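In what follows, chains are A, B, ... by sequence order, proteins preceding strands, each numbered from 1. Worth saying up front: this structure is predicted, and the values here are computed from it rather than measured.
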Number of protein chains: 2
Amino acid sequence: MAETWTSSSVDAHLDWTPGSGRKALADAIRTAIRGGRWQPDAVVPSTRALAADLGVARGTVTRVYSDLAAEGYLRTSQGAPTRVATVGALPPSPTPTYPRTTAPRWTLQAGQPDPSLFPRDQWLASTRRVLAHTPNDTFGFGDPRGSLVLRTTLAAYLGRSRGVLADPARMVVVSGFSHALAVLGRAFGDLGMHELAFEDPSIDVFRRFAQDSGQRVVGVPVDREGLVVDRLESPAVVVTAAHQAPLGVTMAPARRTALAKHGAIVVEDDYDGEFRYDRHQVGALQALSPERVIYAGTASKSLSPSLRLAWLVLPRFLVDPVVSALAGSGARPAMLDQLVLADLISSGAYDRQVRRCRLEYRSRRDRLVSALPEHLVPHGISAGLHLFVPLPPEAEAALPVAAARHSLAIQTGTPHTLTEPSSGLLIGYGAPSRPSFGGALTALLAVLREVGV
Amino acid sequence: MAETWTSSSVDAHLDWTPGSGRKALADAIRTAIRGGRWQPDAVVPSTRALAADLGVARGTVTRVYSDLAAEGYLRTSQGAPTRVATVGALPPSPTPTYPRTTAPRWTLQAGQPDPSLFPRDQWLASTRRVLAHTPNDTFGFGDPRGSLVLRTTLAAYLGRSRGVLADPARMVVVSGFSHALAVLGRAFGDLGMHELAFEDPSIDVFRRFAQDSGQRVVGVPVDREGLVVDRLESPAVVVTAAHQAPLGVTMAPARRTALAKHGAIVVEDDYDGEFRYDRHQVGALQALSPERVIYAGTASKSLSPSLRLAWLVLPRFLVDPVVSALAGSGARPAMLDQLVLADLISSGAYDRQVRRCRLEYRSRRDRLVSALPEHLVPHGISAGLHLFVPLPPEAEAALPVAAARHSLAIQTGTPHTLTEPSSGLLIGYGAPSRPSFGGALTALLAVLREVGV
């Protein structure tokens with residue numbers, strides 16, 4: 001137990017346990033100084049007095065004082081008494097800057113997979129294999145583009161599963177798609193490109209990463225066939241070709257071809273390309289024009305956004321500028337995590353995980369679609385982890401209050417709009433954990449009834 | 001085995017294994033189109049002809065063509081033959097952008113720990129414990145400041161081991177010190193601070209991260225007592241107070257006090273604060289002025305730079321701007337890695353790792369210091385993973401060629417200089433693996449003989 005000691009020579013309370021040694025004594029004095037109990041400029045107890053008070057050797061106190069003088073807590077000078085130096089005092093009890101808020105009970109937020117589907121056992125098994133076999137240089141600084149093992153494994157996987165033309169030398173591993181956008185925005189700027197187009201509507205937070213990296217963001221409308229390519233006038237554009245976010249449209253063949261020929265640099269955000277339910281896989285746009293299209297993939301939906309693992313397949317002319325912007329960002333994913341992902345893929349565990357998630361999300365999609373009131377027409381139901389229900393602006397406007405009343409976290413369409421109207425409800429059926437999906441669905445139906453749709 | 005098929009109706013080679021199914025056929029046609037073997041605008045084989053050639057059902061070919069049309073590889077129109085669409089062809093064999101260079105056989109590069117000391121078993125054990133017990137929300141999006149578990153664990157550890165006044169609510173977890181600098185540079189800029197001072201000399205790569213984030217970098221000289229605080233005129237400064245990088249000086253008590261009172265924001269880069277060999281621990285500067293000093297710590301030296309794990313303890317007024325700049329960077333370390341580090345610390349394995357490394361590096365330091373020619377005076381030997389040997393500029397200039405001849409990777413002082421001369425040799429004795437330290441030392445002595453010092 002710590003006891004409080006008061007030196008006889010000055011008023012110097014110390015929280016100190018007898019016999020706990022020199023380091024503890026130094027800590028106790030530091031605490032007393034920081035807390036303001038040993039006031040700035042006050043003369044400290046003499047070494048003799050404090051030693052006697054505390055029952056320690058005088059040499060111990062002398063040494064502690066000398067250490068604390070070296071650290072700037074005490075001020076010593078020849079022939080004068082030692083004093084407390086003027087140092088900043090610790091504010092006694094800092095209030096947390098980010099108070100905990102009450103999270104809604106149910107969630108149907110878009111863009112989030114069910115965290116309970118994370119394959120803990122497989123991740124551990126791959127970690128064990130990697131740690132048993134990886135060479136020591138894994139723990140050095142490594143290639144700025146990311147693990148060559150992962151890039152090689154991904155190149156084959158992306159070719160097989162998404163029809164991507166991937167060359168490991170043209171790939172970089174980044175800390176999530178948000179990091180990719182920040183890095184690409186920087187690289188485009190370095191190349192003299194300062195305007196980046198996004199689909200209108202598109203997920204608002206992603207546009208902010210581009211803006212923060214110095215890009216001017218403009219919108220290009222989306223209709224029933226996807227991006228209206230004729231309206232694209234920017235040097236570069238971000239598209240969600242396979243399953244438009246938020247509207248759910250799949251880009252039509254003619255639009256794909258038009259975009260591949262347009263001349264703009266295309267960032268193909270293939271955020272949920274692995275999740276298709278009803279029709280054949282639509283291959284990546286990137287393969288149509290590998291020297292103009294940047295393919296962006298991620299483990300955020302198939303595994304977890306908390307891993308911060310994503311990858312880019314780059315046109316050749318962009319490799320150097322992107323690697324340089326990536327290095328300048330100062331950040332990249334841990335090498336070990338990259339190798340664990342590579343092992344998951346090459347062991348087949350990743351494919352099993354994707355299939356398992358696909359089955360789970362398809363069954364939720366089916367439950368959701370059949371539970372929705374008949375007159376509501378959901379869009380984008382054939383793929384992904386979300387669907388979109390267009391609603392009149394008045395109904396959309398009433399949603400937040402109703403959702404709050406039923407403790408349901410949900411997003412609406414309008415915040416994702418640049419200029420084109422797109423009111424409606426964005427339903428992310430991936431977000432809830434398996435046992436809470438039913439409850440979330442019940443809350444959703446109650447909310448819809450309440451807003452009268 | 002894949003075989004090549006030539007359709008009778010057009011010259012259409014396909015690498016396709018009989019009986020391998022629809023998906024393989026689609027892949028084969030994609031490859032043919034990308035590789036230019038099916039030329040743009042060419043009429044494709046009729047479905048009847050290709051089906052007959054390949055011995056598959058006509059419906060199979062029809063479906064493959066329709067998929068490929070949806071992907072933009074083929075162009076179909078009512079009443080006209082199907083043609084190959086004009087798509088970009090894959091360059092036949094892309095040259096890797098970053099050719100492998102021959103690495104030197106020996107290394108004494110500063111700033112790198114021995115990768116063979118990474119505690120693989122302990123990391124795996126902590127990963128197992130975390131995966132067994134962590135709640136599912138670990139795999140969601142999480143707190144932008146980083147894991148609360150890690151921040152709480154680190155706050156206690158930093159208080160105990162480095163005398164830091166750490167409050168978890170004021171800490172952020174970042175992807176290495178380089179990421180910290182990029183984020184801080186951005187946050188300072190948002191607050192209207194556009195000039196960041198560095199010690200002169202200081203490690204050149206770090207200054208570049210600050211510059212890339214928009215800061216104007218200026219130098220403040222370092223003498224035998226550390227940073228010459230009187231010369232500091234910038235609103236913020238980065239210091240390596242405990243063991244100056246590269247010179248090895250420990251900041252004198254009077255300078256510490258002067259800096260704490262200066263009024264500038266101080267970034268205390270405590271990159272190797274855990275490694276002290278000969279004298280008492282010097283506590284963190286941060287505790288002298290927690291509302292002006294940002295404490296920056298890292299797992300790069302104690303564990304591995306490949307983990308990209310570092311942390312900042314912030315003055316209260318900087319929490320919001322830094323959290324916002326961190327979010328804008330798009331990057332952060334994986335939540336799982338953060339929890340594994342927290343488990344390493346709370347289980348005691350991290351302390352054991354630090355002690356183990358300290359013993360290893362101290363014994364290397366001893367071997368190195370006693371092997372150096374007597375007239376050379378190494379600086380900064382009491383701490384860290386590097387020491388500095390001042391040399392005349394002529395000797396320094398001769399080092400790179402001599403080092404290359406002996407296949408030794410090593411750094412000199414001048415590249416780290418802003419304006420103050422600091423020629424010499426920077427010896428990072430942490431970098432080699434244990435078995436290769438002797439060889440690196442022999443190479444070093446040969447290099448020194450060769451340059452005549």
Return the option, out of [options], with the maximum number of heavy-atom pairs under 4.5 Å with chain B.
options: A:Ala284, A:Ser433, A:Gly176, A:Ser175; result: A:Ser175
options: A:Phe209, A:Phe118, A:Trp123; result: A:Phe118
options: A:Thr134, A:Leu68, A:Asp121, A:Leu336; result: A:Thr134
options: A:Ala132, A:Ser306, A:Pro253, A:Ala431; result: A:Ser306
options: A:Thr138, A:Asp212, A:Asn136; result: A:Asn136

Option that, when pairs with chain A are counted at under 4.5 Å, heavy atom only, ranks first among [options]:
options: B:Arg186, B:Arg75, B:Arg292, B:Gln211; answer: B:Arg186
options: B:Ala70, B:Ser329, B:Pro113, B:Ser300; answer: B:Ala70
options: B:Met335, B:Arg120, B:Met251; answer: B:Arg120

Spatial distance of atom [atom1] ([X]) from atom [atom2] ([Y]) [nearest 0.5 Å]:
X: B:Asp27; Y: A:Arg160; atom1: CG; atom2: CZ; result: 10.5 Å
X: B:Leu165; Y: A:Arg30; atom1: CG; atom2: CZ; result: 10.0 Å
X: A:Ser304; Y: B:Phe141; atom1: OG; atom2: CZ; result: 8.5 Å
X: B:Phe139; Y: A:Asp114; atom1: CZ; atom2: CG; result: 11.5 Å

Side chain, backbone, both or neither: which part of [X] has an atom under 4.5 Å from a heavy atom of chain A?
X: B:Pro333; result: backbone
X: B:Arg255; result: neither
X: B:Ala69; result: backbone
X: B:Thr127; result: both
X: B:Ala327; result: backbone
X: B:Pro168; result: neither

TODO: Return the minimal non-hydrogen interatomic distance between A:Arg332 and B:Arg308, and the atom names on each side.
DONE: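 Shortest heavy-atom separation between A:Arg332 and B:Arg308 comes out as O-CG, 3.3 Å.
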
TODO: Measure across A:Leu307 and B:Ala334 and return the closest heavy-atom pair with its distance rounded to 0.1 Å.
DONE: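 Scanning both residues completely, I find the closest heavy atoms to be O-CB, 3.6 Å.
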
- [ ] List in chain and number order the residues that pass salt bridge (charged side-chain N to carboxylate O under 4.0 Å, His left out) with B:Arg256, two or more places apart in sequence or in another chain; answer none if no residue qualifies.
- [x]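 Here no residue qualifies.
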
- [ ] Sort by residue number and list every member of residues 177-184 of chain B having a non-hydrogen atom under 4.5 Å from chain A.
- [x]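 B:Ser178, B:His179, B:Ala182 fall under the 4.5 Å cut-off.
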
